[in-house]
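For reference, the structure discussed in these notes is given below.
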Amino acid sequence: MRFGGGAVILLTLLFARPGRTRFSWTDLLRGGGVGLVGVFAYNFFFFWAISLAPAVDGSVIVPVMSPIVTVIVLLAFGGERASGARIVGLLVGLAGAIVFFFGIGTRSYGSAIGSRLTGDLIYLLAAVCWAAYSILSKKVLGGIDPLRATTYATGVGAVALLAVSAPELPDVSWSSISNGVWVNLVFLAVGPTAVAYLFYFRGLRSVSPVTATITMFAVPVFGTASSVVFLGESFTTAQIIGASVTVVGALLAVTEGRLAGSRAAATTPPAEPSIGL
């Protein structure tokens, strides 16, 4: 319902804008294929994981591991160079992830059929899907404008999610759903779906997938704070240490230490201008 609503909003914008281009089955297949990865598969794994593990785990694992996976894939296929700083950052990030997972334990969380560790491993699959979505969007959708590409990806992904969820629809007690749930659903369709996916793809038109995934480092801050304040969830000490180490390593891997270099350059006094040219 969330992505179906988002698709309707995007379709409305697509048909309402002036000077729209003609429909192309090729564009639909390209956009839909990417949507199966970034909308369907990503959310399938994410919501499966959130039924087994706290939301606070997902707010760290997905946004931190996605850039690491993106860098690893691009390094493997020659899309990024393997500098020393990048390799060290990847090793540090992976070490932090291992500490994070070991700090979880295997206690059951909110489900009799799985453990928190199982849920967090499924969160990792969601992170892989988002990394693949970022890379494929850059490579496959280069000739499609952002609104059209996002509309096709969201629409096809929503149809796939509907096909999977359809068997459960008759069991939903629609009359017991509160007004607050419907308001939240509208917010999810407009903000984190239509607007966020459109902005993300528009950004991918201008920057590399690695740079785009760096923006996800803001998610652990907001996600962790929201999970603790609104859901009453918590971290173990080992998870806090592991998450901190992973963020540092991931930043080093995707920036190759350029953040530190930029600060050093900003504090270095400018050289004296030369007299002659």
Side-chain angles (χ1 to χ4, degrees), residues 1-50 55 58-59 62-63 66 69-70 122-123 125-169 181-207 209 212-213 215-216 218-219 223:
M1 293 176 68
R2 167 191 168 183
F3 284 94
V8 170
I9 294 171
L10 290 168
L11 277 171
T12 302
L13 293 175
L14 183 64
F15 283 104
R17 71 175 182 176
R20 61 181 183 273
T21 58
R22 296 179 60 184
F23 172 79
S24 167
W25 282 105
T26 301
D27 290 347
L28 177 60
L29 290 175
R30 292 164 63 191
V34 171
L36 290 177
V37 177
V39 176
F40 169 68
Y42 168 76
N43 284 282
F44 178 84
F45 287 125
F46 187 87
F47 284 105
W48 182 9
I50 209 171
S59 69
V62 175
S66 292
V69 173
T70 302
I122 299 174
Y123 274 134
L125 291 178
V128 172
C129 290
W130 189 258
Y133 171 74
S134 300
I135 296 172
L136 290 173
S137 295
K138 184 73 173 182
K139 300 292 184 181
V140 177
L141 303 180
I144 311 176
D145 69 89
L147 177 58
R148 184 174 298 275
T150 308
T151 301
Y152 291 164
T154 305
V156 172
V159 171
L161 288 170
L162 175 62
V164 172
S165 62
E168 306 293 334
L169 292 179
V181 173
W182 292 111
V183 171
N184 188 34
L185 181 61
V186 172
F187 165 75
L188 289 173
V190 176
T193 303
V195 175
Y197 271 76
L198 177 59
F199 282 8
Y200 190 78
F201 184 75
R202 177 61 185 86
L204 279 170
R205 296 290 297 273
S206 304
V207 301
T213 53
T215 61
M216 297 184 72
V219 175

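Just so you know, these numbers come straight off a predicted model, no measurement behind them.
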Can you give me the closest heavy-atom contact between [X] and [Y], atom names plus distance?
{"X": "Val39", "Y": "Ala158", "answer": "CG1-N, 4.2 Å"}
{"X": "Ala7", "Y": "Gly155", "answer": "CB-CA, 3.8 Å"}
{"X": "Gly6", "Y": "Ala194", "answer": "O-CB, 4.0 Å"}
{"X": "Val37", "Y": "Cys129", "answer": "CG1-O, 3.5 Å"}
{"X": "Val69", "Y": "Ala131", "answer": "CG1-CB, 3.7 Å"}

What distance do [X] atom [atom1] and [Y] atom [atom2] have between them, rounded to the nearest 0.5 Å?
{"X": "Leu198", "Y": "Ile9", "atom1": "CG", "atom2": "CD1", "answer": "11.5 Å"}
{"X": "Tyr152", "Y": "Leu147", "atom1": "OH", "atom2": "CG", "answer": "9.5 Å"}
{"X": "Leu13", "Y": "Arg148", "atom1": "CG", "atom2": "CZ", "answer": "12.5 Å"}

Verify, without hydrogens or angle tests, whether [X] (side chain) and [Y] (backbone) share a donor-acceptor contact under 3.5 angstrom.
{"X": "Thr193", "Y": "Leu188", "value": "yes"}
{"X": "Tyr197", "Y": "Gly38", "value": "yes"}
{"X": "Ser66", "Y": "Ala127", "value": "yes"}

Taken in chain and number order and not counting sequence neighbours, the residues that satisfy side-chain hydrogen bond (donor to acceptor under 3.5 Å, both in side chains) with Tyr133 are none
With sequence neighbours excluded, what pairs up with Thr151 under the side-chain hydrogen bond (donor to acceptor under 3.5 Å, both in side chains) test?
none
Go through the structure and list residues passing side chain to side chain contact (heavy atoms under 4.5 Å, CB included) with [X], not counting sequence neighbours.
{"X": "Val156", "answer": "Leu28, Leu36"}
{"X": "Val181", "answer": "Ile177, Ser178"}
{"X": "Ala149", "answer": "Leu141, Ile144, Phe201"}

Does any part of the side chain of Tyr200, heavy atoms only, come nearer than 4.5 Å to the side chain of Ser134, both counted from C-beta?
yes
Taking the side chain as every heavy atom from C-beta outward, state whether Phe187 and Pro192 have any atom pair closer than 4.5 Å.
yes
Under the rule for ring pair (Phe, Tyr, Trp, His ring centres under 6.0 Å), what residues qualify as partners of Phe46, not counting sequence neighbours?
Tyr42, Tyr123
Using the test salt bridge (charged side-chain N to carboxylate O under 4.0 Å, His left out), find all partners of Arg2 that sit at least two apart in sequence or belong to another chain.
none
Can you list every pair that meets salt bridge (charged side-chain N to carboxylate O under 4.0 Å, His left out) and has a residue in residues 23-32, with sequence neighbours left out?
Asp27-Arg30
Hey, could you give me each pair passing salt bridge (charged side-chain N to carboxylate O under 4.0 Å, His left out) that has a residue in residues 181-194? Not counting sequence neighbours.
none
In terms of the angle between their ring planes, are Trp48 and Phe45 parallel, tilted or perpendicular, with boundaries placed at 30° and 60°?
parallel
Under 3.5 Å, which donor-acceptor pairs do the side chains of residues 159-169 form with other protein atoms, sequence neighbours left out?
residue : atom : partner : partner atom : Å
Ser165  : OG   : Leu161  : O            : 2.9
Ser165  : OG   : Leu162  : O            : 3.3

